[in-house]
Amino acid sequence: MGHVIEPASSGRAKCRGCGAAIAKGELRFGERLPNPYGDGDGEMTLWFHLVCAAYKRPASFREVLDDAADVPDREGLATIVDDGIQHRRAPRVDGAERAPTGRARCRQCREMIEKDAWRIRLVYFDEVRFEPSGFIHARCAADYLETTDVVARARHFTPDLGDDDAAAFAAALVTT
Ligand SMILES: [Zn+2]
Ligand SMILES: [Zn+2]
């Protein structure tokens, strides 16, 4: 079966993109993938909020976005999808935060990320799941992600980031 956009039949499924529950009746994206734990012909379905799918699984989501019925803000979702396809590493963005310690190394420049510096949290989609994939300096986004237009993307996956923090993060993305 192909990927699907459909109303959630229960409120039990958690979104693979953000980890939060998908409300019953809310439109959700189901990505169908070969089940690596099955006997070879099984499939599994990963469920996402539509926005989370647009951010983190743009290529799969695009396959069904245009033809699905009654999708709210289809154009906004398509814009996110296009951005994630154009910048192939952008879907790895899993949030923004100030480094709580100085012990993580930046995946782009290989230098340590100093305590309290803004960093971007990365995940990597491995077959059927997202794996934690380290961090980059906010200032290394231009080199690693090939875009610095990632504030909305990072905020989506860091819902507790306030306006002041978002402004500070945006400033840190710009290399001087
Ligand atoms: Zn989600
Ligand atoms: Zn760096």
Side-chain angles (χ1 to χ4, degrees), residues 3-31 33 45-62 64-65 68 71-74 76-77 80-81 83-84 87 89-125 128-148 150 152-161 168-176:
H3 310 315
V4 65
I5 292 175
E6 61 170 40
S9 54
S10 79
R12 290 194 301 273
K14 284 211 167 104
C15 172
R16 296 296 180 120
C18 71
I22 303 171
K24 181 175 181 176
E26 183 180 355
L27 280 181
R28 62 184 181 177
F29 170 65
E31 181 173 20
L33 295 167
T45 305
L46 307 184
W47 297 109
F48 296 83
H49 295 109
L50 297 189
V51 181
C52 296
Y55 277 124
K56 285 194 166 169
R57 300 296 293 152
S60 303
F61 186 53
R62 187 168 70 173
V64 290
L65 178 59
V71 174
D73 192 24
R74 194 190 308 267
L77 292 168
I80 294 169
V81 164
D83 177 66
H87 304 106
R89 285 173 166 169
R92 297 181 188 178
V93 171
D94 190 49
E97 61 196 25
R98 287 187 185 275
T101 70
R103 291 197 293 268
R105 195 174 289 280
C106 173
R107 293 201 53 169
Q108 173 61 31
C109 71
R110 311 310 302 175
E111 293 174 18
M112 304 305 286
I113 301 174
E114 55 274 30
K115 187 176 188 299
D116 292 330
W118 282 101
R119 69 184 187 183
I120 295 172
R121 188 170 63 243
L122 302 172
V123 290
Y124 180 76
F125 191 77
V128 295
R129 66 165 53 82
F130 292 96
E131 301 284 357
S133 185
F135 306 91
I136 57 170
H137 291 108
R139 64 171 180 265
C140 289
D143 288 330
Y144 184 83
L145 301 170
E146 300 177 330
T147 176
T148 56
V150 295
R153 178 183 288 280
R155 282 193 90 171
H156 179 75
F157 295 106
T158 322
D160 57 347
L161 208 63
F169 171 59
L173 287 164
V174 182
T175 47
T176 51

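Heavy atoms only: backbone and side chains are in, while hydrogens, waters and symmetry mates are out. Every number for a ligand or one of its atoms is a count from 1 in the order of the listing. Since the structure is predicted, the reported quantities are computational estimates derived from the model, not experimental observations.
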Test: Arg119 cationic atom under 6.0 Å from Phe135 six-membered ring centre, within 45° of axis = yes
Can you run down the side-chain hydrogen bond (donor to acceptor under 3.5 Å, both in side chains) pairs that involve residues 10-27, sequence neighbours left out, and say none if there aren't any?
-> none
Hey, mind stepping through Val123 and Lys56 against side-chain contact (heavy atoms from CB on, under 4.5 Å) and telling me if it holds?
-> CA-CA 9 Å; Val123 290; Lys56 285 194 166 169; 4.2 Å; yes
For Arg121 and Asp94, indicate whether the former's side chain and the latter's backbone hold a donor-acceptor pair under 3.5 Å.
-> yes
State, to 0.1 Å, how close Ala20 and His49 come at their nearest heavy-atom pair, and which atoms those are.
-> O-CE1, 3.7 Å
Residues that Arg62 engages under salt bridge (Lys or Arg N to Asp or Glu O under 4.0 Å), provided they are two or more places apart | none
Parallel, tilted or perpendicular for Phe61 and Phe29, by the 30°/60° rule?
-> perpendicular
Does one side chain, of Ser133 or Arg107, offer a donor that lies under 3.5 Å from an acceptor on the other?
-> yes
Under-2.8 Å neighbours of the Zn ion (ligand 1), protein N/O/S atoms only = 4
Total protein N/O/S atoms whose distance from the Zn ion (ligand 2) is less than 2.8 Å | 4
Report the distance from atom CG of Leu145 to atom CZ of Arg89, rounding to the nearest 0.5 Å.
-> 8.0 Å
